[in-house]
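Before any comments, here is the structure.
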Amino acid sequence: MTEAEAIARCRAGDHQAFAWIVHTYQHLVYTVAMRVLRHREEAEEAAQDAFVKAHRNLGGYAGGAKFSTWLYAIAYHAAISKLRARRTATNDLEVVPEALLADEATAMHDAQDRRQVLELALARLSPEDATVVSLFYLAEQSVEEIVTVTGLSASNVKVKLHRSRKKLFEVLQAHLKEETWTLHEG
Amino acid sequence: MDAPRGMTGPEADAALRDLFRAAGPLPAPKDLEARALGRIAAGAPAPIPAERPLLPRWAWAVGLAFPVAAWLIGTRGSAVPAWMEHWNMPARTGQLFTSPWLLLGVAGGTLLLALHVWLDRRLFTTFR
């Protein structure tokens, strides 16, 4: 089944077609929510909310933007809503990124595990920067599409990407000793 | 991940993209799919049918034709075509149709309506 077929069948009331969409996008939607919230249970709830909302409003998807962009925008805003609710409830209590709770020595020892090192590097970024970077490098969204997802300005997205790339390289350079990760400025 | 020393911006982008691709997205909890679909099946009604535009396309065509026709009638003045003579148009109809107030009002209304439709479509595309 293609994405376009799945959308058309969903609009006709085929629940199986929406199951295909959930199955296809669950990991990336969860990743977007996790980058914003940095909390597994909340991210799972936000991802569920995003899929429910997407199903309810599929008729409103005009096709102007890519479906993935539309879905990530819903996921991003669902996660932001959860973040705001958390801040109200906990009076701005900072949630420590789970990746930082891991023993750094262990992380450095297991430097071969790229996912772990990448998570460690992303945890050094602000949630917003980590989201923008993940959308750009992982979800392969363009700057314009990230603008649609996040509501940030294009110049702001570019600045965040540039700054985050530099930070990521610093962490990667420190942890991936056997490989050279240096960024040539200019 | 053979990233050469002293990478430029595009090279750094490519290296990071490779790294992100190799790492992949965070694995969603195993029950996410089932729980999301369960919530949809339990409470969600059938998907809302696609929104129709506020005005159909033919209405825009008619709306555009009206000021053009009004302008043509107004500028022709007394030289009304023979087939229109029996309409017995009131005096100064032409002046009324070419009144800058009327034309500006129609143009302003059309612009506001177009802005409303554009914003509404953008909202549907991004947030709903």
Side-chain angles (χ1 to χ4, degrees), chain A residues 10-13 15 18-19 22-23 26-31 34-35 40 43-44 47-48 50-53 55-65 69-70 73-74 77 114-115 117-119 133-134 136-140 148-149 151 162 165 168-169 172 176 179-184 186, chain B residues 1-55 57 114 116-128:
Chain A
C10 281
R11 283 175 162 166
H15 288 279
F18 197 76
V22 176
H23 184 76
Q26 59 175 331
H27 302 298
L28 280 166
V29 164
Y30 174 72
T31 302
M34 191 66 182
R35 294 285 173 247
R40 288 193 189 103
E44 185 182 353
Q48 282 182 39
F51 282 123
V52 170
K53 204 171 177 186
H55 178 265
R56 197 187 307 139
N57 296 291
L58 201 57
Y61 169 60
T69 305
W70 181 78
I74 293 175
H77 286 92
R114 291 172 186 178
R115 184 197 293 272
V117 175
L118 188 59
E119 286 305 311
V133 162
S134 295
F136 187 74
Y137 290 114
L138 180 65
E140 299 189 352
T148 304
V149 171
H162 180 77
R165 190 173 64 191
L168 283 176
F169 267 70
L172 293 170
L176 300 177
E179 297 169 47
T180 51
W181 280 84
T182 53
L183 183 60
H184 177 67
Chain B
M1 198 165 52
D2 300 321
R5 184 176 292 278
M7 281 184 282
T8 60
E11 289 168 345
D13 279 340
L16 277 176
R17 194 159 276 134
D18 286 348
L19 179 64
F20 272 82
R21 204 171 287 158
L26 293 171
K30 285 180 183 170
D31 58 348
L32 171 64
E33 187 177 345
R35 289 174 75 173
L37 291 174
R39 276 179 62 183
I40 289 166
I48 301 166
E51 295 284 330
R52 285 167 179 264
L54 195 61
L55 287 178
R57 288 187 181 181
H116 169 82
V117 170
W118 179 74
L119 286 174
D120 196 51
R121 189 165 296 173
R122 187 179 159 87
L123 192 69
F124 269 120
T125 306
T126 53
F127 296 113
R128 293 189 186 184

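- When atom types are taken as modelled, the side chain of A:His27 and the backbone of B:Ala28 share a donor-acceptor pair closer than 3.5 angstrom.
- Here CG of B:Asp31 is found 5.0 Å from CD of A:Glu44. Values are rounded to the nearest 0.5 Å.
- For the pair B:Arg21 and A:Tyr137, the cation-pi test (distance below 6.0 Å, angle within 45°) is failed.
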Where do B:Leu37 and A:Phe51 land on the side-chain contact (heavy atoms from CB on, under 4.5 Å) test, with the steps shown first? CA-CA 8 Å; B:Leu37 291 174; A:Phe51 282 123; over 6 Å; no
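- For a residue to count as touching a neighbouring chain, one of its non-hydrogen atoms must lie under 4.5 Å from one of that chain's; by this rule A:Leu118 touches chain B with the side chain only.
- Rounding to the nearest 0.5 angstrom, the gap separating the CG atom in B:Leu19 from the CG atom in A:Leu168 is 8.5 Å.
- When all heavy atoms of A:Gln26 and B:Pro29 are compared, the closest pair comes out as OE1-O, 4.4 Å.
- The nearest pair of heavy atoms linking B:Pro25 to A:Leu28 is CB-CD2, 4.0 Å.
- Taking all atoms of both residues into account, the shortest heavy-atom contact from B:Leu26 to A:Thr31 is N-OG1, 2.9 Å.
- When side chains are defined from C-beta on, A:Val133 counts as touching B:Phe20, because their heavy atoms get closer than 4.5 Å.
- Side-chain atoms of B:Arg17 come within 3.5 Å of backbone atoms of A:Phe136 as a donor-acceptor pair (strictly under, hydrogens ignored).
- The two residues B:Leu32 and A:Tyr30 have their closest heavy-atom pair at CD2-CB, 4.3 Å.
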